[in-house]
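A quick write-up on the structure given underneath.
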Amino acid sequence: MYRKLKCKFKAVLFDMDGVITNTMPYHFKAWKEVLLNIGIKASCFDVYKREGQDGLSTLRTLFQEKGLKFDLRQAQDILRRKEELFKRIVRIKFVPGSRSFVRNLHKHGFLLGLVTGTSRHEMERILPRDLRDLFCVTVTGDEVKKSKPNPEPFLKAFGKLVLAKKDVVVIENAPFGIEAAKKAGLRCIALETSLPRYYLKGADMVFKSFTQLKKAVCEL
């Protein structure tokens with residue numbers, strides 16, 4: 001299906017939250033509740049635009065924006081409570097078209113990677129084994145020193161592919177992920193699965209859905 005159209009890439013690196021799994025609403029709900037307990041009202045944009053960033057950095061910038069003093073111990077406690085709440089409320093849902101898109105690429109011989117800010121333990125809990133096994137490369141948040149928007153996660157994944165950068169495409173849904181991909185020297189496609197196009201303008205191309213992307217994928 002894809003190979004016969006002579007695609008201009010050989011590998012795809014996927015983000016997970018908001019690209020493959022529809023888990024961002026649960027992340028937002030957890031952040032909203034724990035932040036409200038300390039008097040911070042967070043919108044979905046406050047959370048979604050920071051996707052991929054480590055939790056402590058997210059809290060540091062949120063505190064700064066709200067004019068509050070950042071306290072590391074308090075932040076660590078907030079982050080712990082956020083993660084505990086997320087694990088209790090999350091339900092495994094997928095972005096429409098994501099699984100079939102991944103499976104079709106794998107079926108036609110493309111190399112696939114997963115680059116997520118989520119920990120490996122949590123990623124393995126969320127992604128079914130049959131889907132995880134399609135990725136020849138996985139880089140999780142607990143396996144890097146610097147999270148997105150730093151390019152380290154994508155550079156680490158790219159280093160395992162043994163390909164030229166022109167042969168690799170990243171699929172993201174948030175500004176920090178896009179920034180990390182571009183800093184790594186990789187082409188980046190963005191999907192409007194979490195945020196509108198305005199937030200995704202750093203990407204090389206933006207699509208509303210996997211359905212729309214599927215129609216154009218071999219023109220990239």
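Residues take their numbers from the sequence shown, with the count starting at 1. Values reported hereafter were calculated over all heavy atoms of this structure, with side chains retained and with hydrogens, waters and symmetry mates removed. Worth saying up front: this structure is predicted, and the values here are computed from it rather than measured.
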Exercise. Looking only at non-hydrogen atoms, find the nearest pair between Leu161 and Cys136 and report the distance.
Key: CD2-SG, 4.2 Å
Quiz prompt | Leu200 vs Glu192, side chain to side chain contact (heavy atoms under 4.5 Å, CB included): CA-CA, chis, key distance, verdict | solution = CA-CA 8 Å; Leu200 309 174; Glu192 294 182 76; 3.8 Å; yes
Self-check item: Other residues, nucleotides, ligands: >12 heavy atoms within 6.0 Å of Lys66 NZ
Solution: yes
Quiz item: What's the verdict on side chain to side chain contact (heavy atoms under 4.5 Å, CB included) for Phe135 and Ile20, showing C-alpha distance, side-chain angles and the deciding distance?
Solution: CA-CA 12 Å; Phe135 297 98; Ile20 295 175; 3.6 Å; yes
Exercise. Would you sort out whether Arg103 and Asp130 count as a salt bridge (Lys or Arg N to Asp or Glu O under 4.0 Å), showing the intermediate values?
Key: CA-CA 10 Å; Arg103 287 176 177 137; Asp130 65 322; 3.1 Å; yes
Quiz item: Does the pair Glu84/Arg80 count as a salt bridge with the N-to-O cut at 4.0 Å?
Solution: yes
Practice problem: Could you tell me whether Asp77 and Arg73 make a salt bridge, using a distance below 4.0 angstrom between a side-chain N and a carboxylate O? | Solution: no
Quiz item: So does Gln64 have more than 12 non-hydrogen atoms from other groups sitting under 6.0 Å from CD?
Solution: no
Quiz item: In Å, rounded to the nearest 0.5 Å, how long is the span from CG of Asp15 to NZ of Lys148?
Solution: 3.5 Å
Quiz item: Can you name the closest pair of heavy atoms from Leu56 and Ala75 and give their distance?
Solution: CD2-CB, 3.8 Å
Practice problem: Start with the C-alpha distance between Thr21 and Leu127, add both sets of side-chain angles, then the distance that settles side chain to side chain contact (heavy atoms under 4.5 Å, CB included), and finish with yes or no. | Solution: CA-CA 8 Å; Thr21 58; Leu127 273 190; 3.8 Å; yes
Quiz item: Is the NZ atom of Lys32 crowded by more than 12 outside heavy atoms at less than 6.0 Å?
Solution: no
Self-check item: Atom pair NZ/CD of Lys82 and Glu33 - distance to nearest 0.5 Å
Solution: 12.5 Å
Quiz item: Among Thr23, Thr193, Asn173, which residue meets the side chain to side chain donor-acceptor pair (under 3.5 Å) test with Asp17?
Solution: Thr23
Quiz item: Of all heavy-atom pairs between Ile178 and Ala203, which one has the smallest distance, and what is that distance?
Solution: CG2-N, 3.4 Å
Quiz item: Just checking, is any N or O donor in the side chain of Thr140 or Glu143 under 3.5 Å from an acceptor N or O on the other one?
Solution: yes
Self-check item: Any donor-acceptor pair under 3.5 Å from Arg60 side chain to Phe70 backbone
Solution: no
Practice problem: Treat each ILVMFWY residue as a node, draw an edge where side-chain heavy atoms are under 4.5 Å apart, and state whether Ile189 and Val115 are in one component. | Solution: no
Exercise. Enter the distance from Phe14:CZ to Leu105:CG here, rounded to the nearest 0.5 Å.
Key: 5.0 Å
Quiz item: Linking I/L/V/M/F/W/Y whenever their side-chain heavy atoms sit closer than 4.5 Å, directly or via other members, would Phe94 and Phe210 fall into one cluster?
Solution: yes
Quiz item: How far does CG of Asp167 sit from CG of Leu186, to the nearest 0.5 angstrom?
Solution: 11.0 Å
Quiz item: Looking only at side chains, do Arg50 and Ser57 share a donor and an acceptor under 3.5 Å apart?
Solution: no
Quiz item: Would you say Glu122's side chain and Thr118's backbone share a donor-acceptor pair under 3.5 angstrom?
Solution: no
Exercise. May I ask you to check whether Ser147 and Asp54 show a side-chain donor-acceptor distance below 3.5 Å?
Key: yes
Exercise. Determine whether Tyr48 and Pro25 make a side-chain contact, defined as any pair of heavy atoms from C-beta on separated by less than 4.5 Å.
Key: yes
Quiz item: For Lys29, does the NZ atom have more than 12 heavy-atom neighbours from other residues, nucleotides or ligands under 6.0 Å away?
Solution: no
Quiz item: Quick one: are Val168 and Lys10 in side-chain contact, heavy atoms under 4.5 Å?
Solution: no
Quiz item: Is it the case that one hydrophobic cluster holds both Ile92 and Val95, taking links as side-chain heavy atoms less than 4.5 Å apart, direct or via other members?
Solution: yes
Quiz prompt | Closest non-hydrogen atom pair, Phe207 against Ala216 | solution = CE2-CB, 3.7 Å
Exercise. State whether the number of non-hydrogen atoms from other residues, nucleotides or ligands found under 6.0 Å of Lys165 atom NZ is greater than 12.
Key: yes
Quiz item: Would one find more than 12 heavy atoms of other residues, nucleotides or ligands at under 6.0 Å from atom NZ of Lys160?
Solution: yes
Exercise. Not counting sequence neighbours, which residues clear ring pair (Phe, Tyr, Trp, His ring centres under 6.0 Å) with Phe28? List them please.
Key: none
Quiz item: Do the side chains of Leu134 and Val139 join up, straight or via other hydrophobic residues, at under 4.5 Å, putting them in one cluster?
Solution: no
Quiz prompt | Residue pair Ala184 / Pro151: nearest heavy atoms and the distance that separates them | solution = N-CB, 3.7 Å
Self-check item: Minimum heavy-atom distance Asp142-Arg120, with the two atoms named
Solution: OD1-N, 3.1 Å
Quiz prompt | Side chain to side chain, Leu59 and Leu35, heavy atoms closer than 4.5 Å | solution = yes
Quiz item: Any chain of hydrophobic side-chain contacts (each under 4.5 Å) joining Phe110 to Leu13?
Solution: no
Quiz item: Do the non-hydrogen side-chain atoms of Leu131 and Arg99 ever get within less than 4.5 Å of each other?
Solution: yes
Exercise. If a pair satisfies ring-ring contact (aromatic ring centres under 6.0 Å, His included) and one of its residues is in residues 142-199, list it, with sequence neighbours excluded.
Key: Phe45-Tyr199
Quiz item: At what distance, to the nearest 0.5 angstrom, does OG1 of Thr61 lie from CG of Asp46?
Solution: 9.0 Å
Practice problem: Could you tell me the separation between the CE atom of Met16 and the CD atom of Glu51, rounded to the nearest 0.5 Å? | Solution: 9.0 Å
Exercise. Test side chain to side chain contact (heavy atoms under 4.5 Å, CB included) on Lys201 and Val206 and set out the steps.
Key: CA-CA 8 Å; Lys201 50 193 175 184; Val206 181; over 6 Å; no
Quiz item: Taking 4.0 angstrom as the limit, do Lys182 and Asp204 come out as a salt bridge?
Solution: yes
Practice problem: Could you check if a side-chain atom of Phe63 sits within less than 4.5 angstrom of a side-chain atom of Ile40, using non-hydrogen atoms only? | Solution: yes
Self-check item: Test item: Ile38 and Leu68 side chains (from C-beta on) under 4.5 Å apart, heavy atoms
Solution: no
